[in-house]
J.: 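Sharing a structure with you now.
Position 1 is the first residue of the sequence; numbering continues from there. We use all heavy atoms of the structure for the numbers below, so side chains are in, but hydrogens, waters and symmetry mates are not.
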Amino acid sequence: MKLQAAIDRRSLQETIELAKKLDPIVDIVEIGTSAIKDFGFAALKNLKSEFHHAEILFDIKTNDEGDYEFKSGYKAGADILTVMGAMDLSTLKKTYQVSQDFHRDMFIDLMAMKNQQIAPLMKFNQAIFGLHHSHDSSSNFDATDSVAKFHEAYPSASRIAVAGGIDLKSAAALSKQNLTEIIIVGGAISGADDPVQSAKKFMEVIK
């Protein structure tokens, strides 16, 4: 299982410095949506050249202009880009084709989607399917239960990622369950007093 550490709501300098510190530790460094909106691709395009280990995900949450946004994101150095699964299927077809052309990964964010909406997305068989609990939602989220139900409903989806309040206990449970490819941890790492040490603890739990 891979660990993805999400960085959000920091200055550009802080974002880049923390990303470089986490590079040797985690599998994927996520530059969160707020950072993408605040700084744009141009400010982040040299980050990949300074990495030595981790992949970089730009959480751009594409809704439209899929061809343009994905080409721009990959050219800016992203290994993985995100698209919202609830968008028009033509957008996802375009982003998937671009990801294949660039030999990079597409992450489909399934936030707030119902089963009848998800089923048509199974044709994108090399995509990462992200179970994403909304930051604004007040409902409880059981990561292992959500993954189990998703796997039962869509056994052909071999690449599953999960985000939403993941702590060390839930990370350990997900690792034991062995259905998830990527766990996404935000505040428990980037908001910790020592993000590097926190990331190391998560890596110890999941490996």
Side-chain angles (χ1 to χ4, degrees), residues 1-39 44 47-48 50-61 78-82 84 105 107-112 128-151 159-207:
M1 189 162 71
K2 296 179 180 179
L3 174 61
Q4 177 174 315
I7 305 173
D8 266 306
R9 293 176 290 281
R10 290 171 175 262
S11 71
L12 177 59
Q13 182 177 351
E14 289 171 336
T15 297
I16 292 173
E17 288 178 356
L18 180 54
K20 290 163 68 175
K21 287 179 181 178
L22 292 174
D23 167 40
I25 311 299
V26 305
D27 301 293
I28 303 167
V29 172
E30 172 190 328
I31 306 301
T33 310
S34 63
I36 297 294
K37 289 185 175 181
D38 286 345
F39 314 126
L44 298 163
L47 182 58
K48 179 64 177 178
E50 300 185 54
F51 269 40
H52 302 285
H53 169 70
E55 294 182 291
I56 296 179
L57 179 147
F58 288 169
D59 190 13
I60 59 176
K61 289 185 169 65
D79 298 293
I80 310 168
L81 294 170
T82 62
M84 300 306 293
D105 280 321
F107 181 116
I108 303 177
D109 192 324
L110 303 176
M111 187 190 296
I128 301 164
F129 292 91
L131 308 182
H132 188 174
H133 187 56
S134 168
H135 184 273
D136 292 336
S137 174
S138 60
S139 63
N140 293 324
F141 179 66
D142 185 321
T144 52
D145 183 59
S146 296
V147 169
K149 289 178 179 176
F150 182 80
H151 178 71
R159 309 186 69 189
I160 300 173
V162 61
I166 304 294
D167 56 17
L168 289 171
K169 182 178 179 181
S170 54
L174 287 163
S175 180
K176 184 177 180 181
Q177 186 185 43
N178 199 32
L179 294 175
T180 303
E181 178 179 334
I182 303 166
I183 61 163
I184 304 167
V185 180
I189 291 178
S190 63
D193 292 336
D194 189 335
V196 169
Q197 287 303 314
S198 181
K200 287 180 178 179
K201 289 179 182 178
F202 273 95
M203 291 300 291
E204 290 171 3
V205 163
I206 69 172
K207 296 299 183 183

J.: If you count every heavy atom of other residues, nucleotides or ligands that lies below 6.0 Å from K201 atom NZ, does the total exceed 12?
T.: no

J.: Within the structure provided, determine whether K48 and D79 are in side-chain contact (heavy-atom separation under 4.5 Å).
T.: yes

J.: Is the shortest heavy-atom distance from the side chain of I16 to the side chain of L47 under 4.5 Å?
T.: yes

J.: Does some side-chain heavy atom of F39 sit less than 4.5 Å from a side-chain heavy atom of I31?
T.: no

J.: Can you spot which of D193, L22, I25, I189 makes a side-chain contact (heavy atoms from CB on, under 4.5 Å) with S198?
T.: I189

J.: Ignoring hydrogens, what is the shortest heavy-atom contact between I80 and E55? Give both atom names and the distance.
T.: CD1-OE1, 4.2 Å

J.: Before giving the answer on salt bridge (Lys or Arg N to Asp or Glu O under 4.0 Å), spell out for K207 and D27 the whole-Å C-alpha distance, their side-chain angles and the decisive distance to 0.1 Å.
T.: CA-CA 11 Å; K207 296 299 183 183; D27 301 293; 3.6 Å; yes

J.: Does the side chain of D8 pick up a donor-acceptor pair with the side chain of S34 at under 3.5 Å?
T.: yes

J.: Tell me the closest heavy-atom pair linking S170 and G165, and the distance in Å.
T.: OG-O, 4.3 Å

J.: Is a donor on one side and an acceptor on the other found under 3.5 Å between the side chain of H132 and the backbone of G164?
T.: no

J.: Indicate every side-chain donor-acceptor pair of residues 171-187 with a distance under 3.5 Å to a residue at least two apart or in another chain.
T.:
from : atom 1 : to   : atom 2 : distance (Å)
S175 : OG     : I206 : O      : 3.2
Q177 : NE2    : T144 : O      : 2.8
E181 : OE1    : R159 : NE     : 2.9
E181 : OE2    : R159 : NE     : 3.4
E181 : OE2    : R159 : NH2    : 3.0

J.: Compare all side-chain heavy atoms of S146 with those of V162 and state whether any distance is below 4.5 angstrom.
T.: no

